[in-house]
Amino acid sequence: MPVNLTSTDEIKLGGAFTFPGTSMTVHRMGYGAMQLAGPGVFGPPKDRNGALAVLREAVAFGVNHIDTSDFYGPHVTNQLIREALHPYPTNLVIVTKIGARRGQDGSWIPAPSPEELKRGVHDNLRNLGLDVLDVVNLRSTLGIEEPAEGSIEAPLTVLANLQQQGLVRHIGLSNVTPAQVAEGRQICEIVCVQNHYNLAHRTDDALIDDLARAGIAYVPYFPLGGFTPLQSRTLSEVAQHLSATPMQVALAWLLHRAGNILLIPGTSSVAHLRENLAAAELNLSDNVLQELDAVARTKASNAA
Ligand SMILES: NC(=O)c1ccc[n+]([C@@H]2O[C@H](COP(=O)([O-])OP(=O)(O)OC[C@H]3O[C@@H](n4cnc5c(N)ncnc54)[C@H](OP(=O)(O)O)[C@@H]3O)[C@@H](O)[C@H]2O)c1
């Protein structure tokens with residue numbers, strides 16, 4: 001297994017997944033663009049050409065699923081995507097999200113009102129240079145770090161209306177509870193759910209299995225631990241044994257976890273991008289999967 005890739009490597013990127021009720025098929029290994037904005041996901045990147053290179057490399061290696069939002073920067077990440085990739089390859093699926101905005105100081109502010117949601121869709125269209133958005137996730141801000149219960153009917157109905165107007169093809173949900181997914185599915189077709197999940201943070205195990213049965217994509221954010229990168233002795237030992245890196249093992253574990261999991265690891269580095277894409281080639285045996293399962297159990301008992 002290559003720990004890194006060269007531009008001539010042929011990679012499968014984890015196989016294909018078709019979003020339910022759509023003709024949109026993507027490789028399971030995608031790319032999350034949040035890290036391309038400046039520090040704190042605010043302002044321009046330190047290395048603008050480097051950011052453009054990451055996006056172009058991702059697509060050159062076959063990535064056809066990019067996750068973004070107009071509140072990354074704000075506007076910066078979408079403008080970089082447009083500059084690097086427009087006119088977009090026909091098979092590229094860009095998934096964005098609305099429901100928050102940024103303060104002058106970089107703070108994250110809930111933006112669930114109808115006006116703010118409409119503005120969010122139009123900001124994404126303008127900055128990405130699109131007439132219609134492939135997938136828009138409603139990002140619940142009832143909870144900021146983790147989902148919190150409460151009805152999502154009002155904001156989701158606004159988004160469903162924007163879909164009926166032809167500005168949005170498909171709808172997903174982010175930072176939601178199983179009850180909110182069930183409520184959302186009564187309002188409109190939900191093609192994906194994007195929540196915090198990784199090897200050490202497994203609150204959504206049952207939800208992932210439910211969504212798999214319904215054919216709905218589950219897209220973990222912070223697959224590598226986000227702002228607090230995953231660290232575990234087991235992960236490091238397994239990685240060493242497989243001649244891979246801990247981050248590659250963490251991504252491969254997610255691909256093995258369930259067939260409806262789509263990956264969007266974030267990076268601002270071409271070297272890390274290549275390393276992450278190569279993780280799709282990593283096979284994990286049943287024994288290794290059992291060892292890795294213990295990472296979450298250890299974390300749970302430490303927290304108890
Ligand atoms: N819906 C939501 O509320 C929500 C919230 C957060 C994120 N997201 C989405 O999810 C995507 C993924 O999340 P994320 O980017 O926050 O977190 P992540 O993918 O878990 O981790 C990104 C961090 O890991 C580092 N990294 C990446 N590849 C690495 C490698 N091979 N070796 C060592 N370090 C590596 C990155 O630094 P370098 O830049 O130095 O590589 C960055 O600091 C985002 O890009 C965004 O699109 C959604």
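Position 1 is the first residue of the sequence, and the numbers go up from there. Ligands are counted one by one from 1 in listed order, and the atoms in each one are counted from 1 as well.
- Between Arg82 and Leu128, the closest side-chain pair of non-hydrogen atoms is not below 4.5 Å.
- Residue, atom and distance of the protein heavy atom nearest to atom 5 (C) of ligand 1 are Tyr221 CD1, 3.2 Å.
- Listed by number with element, the atoms of ligand 1 under 4.0 Å from a non-hydrogen atom of Lys97 are 1 (N), 48 (C).
- With a 4.0 Å heavy-atom cut-off, ligand 1 is reached by the side chain of Asn276 but not by its N, CA, C or O.
- Residue Gly225 places a heavy atom under 4.0 Å from ligand 1.
- Taking every heavy atom of Pro265 and a limit of under 4.0 angstrom, the matching atoms of ligand 1 come to 19 (O).
- For atom 3 (O) of ligand 1, the closest non-hydrogen atom on the protein side is Arg139 NE, 2.8 Å.
- Between Pro220 and Leu254, the closest side-chain pair of non-hydrogen atoms falls below 4.5 Å.
- Comparing His272, Glu145, Arg274, Met34 against atom 37 (O) of ligand 1, the shortest heavy-atom distance belongs to His272.
- Side chains of Gln35 and Thr267: a donor-acceptor N/O pair is absent below 3.5 angstrom, by distance only.
- Taking a cut-off of under 4.0 Å to the non-hydrogen atoms of Ala33, the atoms of ligand 1 that pass are 45 (O), 47 (O).
- A distance of 5.0 Å separates CG of Leu251 from CG of Asn276, quoted to the nearest 0.5 Å.
- Residue-level proximity to ligand 1 for Ser174 is carried by the side chain, the only part with a heavy atom below 4.0 angstrom.
- Atoms of ligand 1 lying under 4.0 Å from any heavy atom of Thr267, numbered from 1 in the order shown and given with element: 27 (C), 38 (P), 39 (O), 41 (O).
- Residues Glu83 and Leu52 come closest through the heavy atom pair OE2-CD1, 3.6 Å.
- Ionic pairing of Asp209 and Arg257 is present here: one or more N-O contacts between side-chain nitrogen and carboxylate oxygen are shorter than 4.0 angstrom.
- Separating the CG atom in Leu130 from the CD1 atom in Ile94 is a distance of 5.5 Å, to the nearest 0.5 Å.
- Ring geometry for Tyr197 versus Trp253: interplanar angle under 30°, hence parallel rather than tilted (30 to 60°).
- For ligand 1 and Gln194, the ligand atoms under 4.0 Å from any heavy atom of the residue are 1 (N), 2 (C), 4 (C), 8 (N), 9 (C), 48 (C).
- For atom 20 (O) of ligand 1, the nearest non-hydrogen atom of the protein is Leu224 N, 2.7 Å.
- Remark: ligand 1 and Ser268 share an N or O pair separated by less than 3.5 Å (distance only, no angle test).
- Residue Met247 has no nitrogen or oxygen atom sitting less than 3.5 Å from a nitrogen or oxygen atom of ligand 1, judged on distance alone.
- Listed by number with element, the atoms of ligand 1 under 4.0 Å from a non-hydrogen atom of Gln35 are 14 (P), 15 (O), 16 (O), 17 (O), 22 (C), 42 (C).
- Taking 4.5 Å as the limit, every side-chain heavy atom of Leu262 sits out of range of all side-chain heavy atoms of Cys192.
- A side-chain donor from one of Gln194 and Asp67 sits under 3.5 Å from a side-chain acceptor of the other.
- No side-chain donor-acceptor contact under 3.5 Å links Asn195 and Tyr221.
- Neither the backbone nor the side chain of Phe227 has a heavy atom within less than 4.0 Å of ligand 1.
- Ranking protein heavy atoms by distance to atom 13 (O) of ligand 1, first place goes to Phe222 N, 3.5 Å.
- A heavy-atom separation below 4.0 Å is not found between Asn175 and ligand 1.
- Close approach to Ile264 involves these atoms of ligand 1, each under 4.0 Å from a residue heavy atom: 9 (C), 10 (O), 11 (C), 12 (C).
- Within the structure, ligand 1 lacks Tyr31 among the residues with a heavy atom less than 4.0 angstrom away.
- Within the set Leu36, Thr141, Asp67, Leu263, the minimum heavy-atom distance to atom 47 (O) of ligand 1 is found for Asp67.
- Linking ILVMFWY residues whenever their side-chain heavy atoms come closer than 4.5 Å, directly or via other members, places Leu273 and Leu263 in the same cluster.
- Of the heavy atoms in His196, none comes closer than 4.0 Å to ligand 1.
- In terms of hydrophobic clustering, with Ile, Leu, Val, Met, Phe, Trp and Tyr side chains grouped at heavy-atom distances under 4.5 Å, Ile98 and Ile171 are assigned to a common cluster.
- For the residues Gly226, Pro45, Pro220, Ala37, the heavy atom positioned nearest atom 18 (P) of ligand 1 is part of Gly226.
- Here the heavy atom of the protein found nearest to atom 25 (C) of ligand 1 is Gly266 O, 4.2 Å.
- Side-chain contact of Asn78 with Thr68: a donor-acceptor pair under 3.5 Å is present, judged by distance alone.
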